[in-house]
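Take a look at the structure set out below.
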Amino acid sequence: MLDIKILRHDAERVRKALEARGSRVDTAVFARLDEKRRALIAASEELRRERNAVSAEVAARKRRSDDAADLIERMASVNAGIRELERDLDAVQGEVDAWMLEIPNLPHESVPVGKDENDNPEVARNGKPPVFTFTPKEHWELGEGLGGLDFQRGAKLAGSRFVLYRAWAARLERALVNFFLDVHTREHGYTEILPPLLVNSKTMTGTGNLPKFAEDLFRITDWDYWLIPTAEVPLTTMYAGEILDETMLPLAFTAQTPCFRSEAGSHGKDTRGLIRMHQFTKVEMVRCVHPDRSFEELELMRGHAEDLLRRLELPYRVIVLCTGDMGFAATKTYDLEVWLPGQNCYREISSCSNCGDFQARRADLRFRPAGGGKPEYLHTLNGSGLPVGRTLAALLENGQQEDGSVRLPEALHPYMDGLTVLRRDV
RNA sequence: GGAGAGGUAGCGAAGUUGGCCGUAACGCGCUCGACUCGAAAUCGAGUUAUCGGUUAGUCCCGGUACGUGGGUUCGAAUCCCACCCUCUCCGCCA
């Protein structure tokens with residue numbers, strides 16, 4: 001949610017910033033609603049003030065056993081007025097809220113202006129794509145060939161975009177989860193959380209997934225439960241409604257969870273392989289930080305994700321999402337893209353975003369400054385560190401050998417009981 | 001699922017025959033000050049959030065908030081209804 005004061009006093013800035021995102025917003029609508037809302041508040045509060053005063057007078061008379069019938073009679077019209085004004089206010093407030101919840105975050109000034117993913121500048125690159133003396137296969141071919149990925153049975157059990165892991169693949173999934181969590185908790189200073197995988201509407205609204213993106217989510221029939229599309233949702237809103245001590249900042253949480261996404265609107269995209277599933281495991285990083293530090297924290301967190309790719313010896317590049325390609329809640333986003341030899345291109349493997357105070361306002365995440373004083377909204381960041389399925393795909397494609405076996409990077413050997421090469425029989 | 005108890009400031013807790021009871025008794029914690037060489041102890045003072053008006057900002061004025069949402073009433077922490085959550089016991093269960 002945007003700061004309502006910015007909308008009031010600098011609507012033009014909002015309009016321009018959102019235009020860069022490719023999202024048009026009619027700030028005049030807001031101005032009109034806001035004005036109406038404030039007038040209704042002022043009017044109804046005036047009547048409430050009167051009611052309070054008269055009620056106090058009634059109480060005083062009753063204590064003296066005096067008659068108060070005239071006052072009570074007078075209150076009938078005051079109460080009718082309050083009822084009417086508040087009914088109107090509720091309606092207007094509802095409109096304002098709905099409007100505010102649909103407005104995306106403003107891009108930070110350092111974000112390049114652009115239209116879509118073709119305008120995302122590359123800012124860093126690491127590792128060299130491996131050179132093969134044969135035509136590299138795609139990961140699903142390797143995975144199926146080695147008996148680890150069973151897309152057919154996944155589809156039988158649940159449908160398309162589901163997969164079943166077997167033997168070394170299931171083991172590798174678990175190894176990656178442990179590896180990621182170990183690095184984050186031991187070296188990067190994150191606290192591991194195991195959150196609920198179902199959350200309510202309020203929680204989903206806090207991160208910005210609702211109300212606008214309901215169609216991207218799975219929900220439970222007859223319950224106010226939604227399946228999380230990422231651990232970002234519960235991790236970011238853990239402290240919703242609370243006022244933290246500044247000394248608690250920065251908070252750094254990591255969690256591995258299944259993630260559930262409807263992938264509505266991506267029919268025909270990445271229909272094969274592990275890239276786009278309805279269910280996938282991801283290790284997520286979330287940071288709740290002092291507003292003055294959030295952009296430094298973004299660099300830090302991006303480094304944490306990069307660290308994992310380096311240790312896995314996976315070639316990758318880093319891009320900044322341009323204004324037109326950013327997510328709803330983000331004010332700045334880096335995407336890490338891993339090299340997939342089978343697909344002969346870089347594919348997104350981590351998205352690290354600074355959401356500024358956008359989610360903090362929605363979820364009411366605040367801290368009290370160390371010197372005392374008014375609570376302030378903190379800033380929230382989230383980043384994948386890393387999605388397990390896509391990492392597994394990258395490992396298969398980058399480590400493949402001519403006979404279809406796959407070399408594992410050294411970092412994973414201890415997590416695989418010393419196994420260094422994936423073969424059909426492991 | 002059944003029975004009972006409860007939800008009030010950072011924590012504990014008082015307030016239920018409706019009316020100076022909401023900055024909210026009392027205690028703890030925290031902050032500042034006094035005392036002290038320093039500390040403890042003691043004493044004193046301070047310590048909710050939010051919205052609207054006003055403001056450069058503070059102050060100030062007013063509204064709201066006693067789990068949530070409704071209702072009754074001139075007036076609700078207090079009475080009524082629904083729901084949520086926590087605890088205890090019973091049942092069931094990985």
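Residue numbers begin at 1 in each chain, while the letters A, B, ... track the order of the sequences.
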Revision key, fill the gap. B/S/- along nucleotides 50-66 of chain B (protein heavy atoms under 4.0 Å) is SBSS--------BBS--
Review point. Hey, are the side chains of A:Met277 and A:Arg261 touching, using non-hydrogen atoms and a 4.5 Å cut-off?
Key: no
Revision key, fill the gap. Symbol by symbol from the 5' end, with Watson-Crick or G-U pairs under 3.5 Å, [ ] crossing and | another strand, RNA chain B is ((((((((.[[[..)...(......]]]((((((.......))))))((((((......)))))).[[[[[..)....]]]]])))))))....
Check your understanding: Rounding to a whole Å, what distance do you find between A:Ile243:CD1 and B:rA9:P?
Key -> 12 Å
Practice item. Anything under 30° is parallel, anything over 60° is perpendicular, the rest tilted; go ahead and classify A:His188 against A:His184. Key: tilted
Exercise for review: Send over the distance from A:Arg368 CZ to B:rC30 P, rounded to a whole Å.
Suggested key: 16 Å
Practice item. Going by the side-chain hydrogen bond (donor to acceptor under 3.5 Å, both in side chains) test, name the single residue among A:Glu144, A:Arg272, A:Glu397 that passes it with A:His139. Key: A:Glu397
Study note, to complete from the structure: Here the gap from A:Arg302 atom CZ to A:Glu299 atom CD, rounded to the nearest 0.5 Å, amounts to 5.5 Å
Exercise for review: Please check the phosphate of B:rG19 (OP1 and OP2 only) for any side-chain N or O of A:Arg61 closer than 4.0 Å.
Suggested key: no
Check your understanding: Any cation-pi pair here, A:Arg174 with A:Tyr165, using under 6.0 Å and within 45°?
Key -> no
Practice item. Taking the six-membered ring for Trp and the single ring otherwise, decide whether the centroids of A:Tyr415 and A:Phe179 are under 6.0 Å apart. Key: yes
Exercise for review: Using a heavy-atom cut-off of under 4.0 Å over every strand shown, decide if A:Val58 touches base, sugar-phosphate, or nothing.
Suggested key: base
Check your understanding: Just wondering, are more than 12 heavy atoms of other shown residues or ligands nearer than 6.0 Å to CD in A:Glu12?
Key -> yes
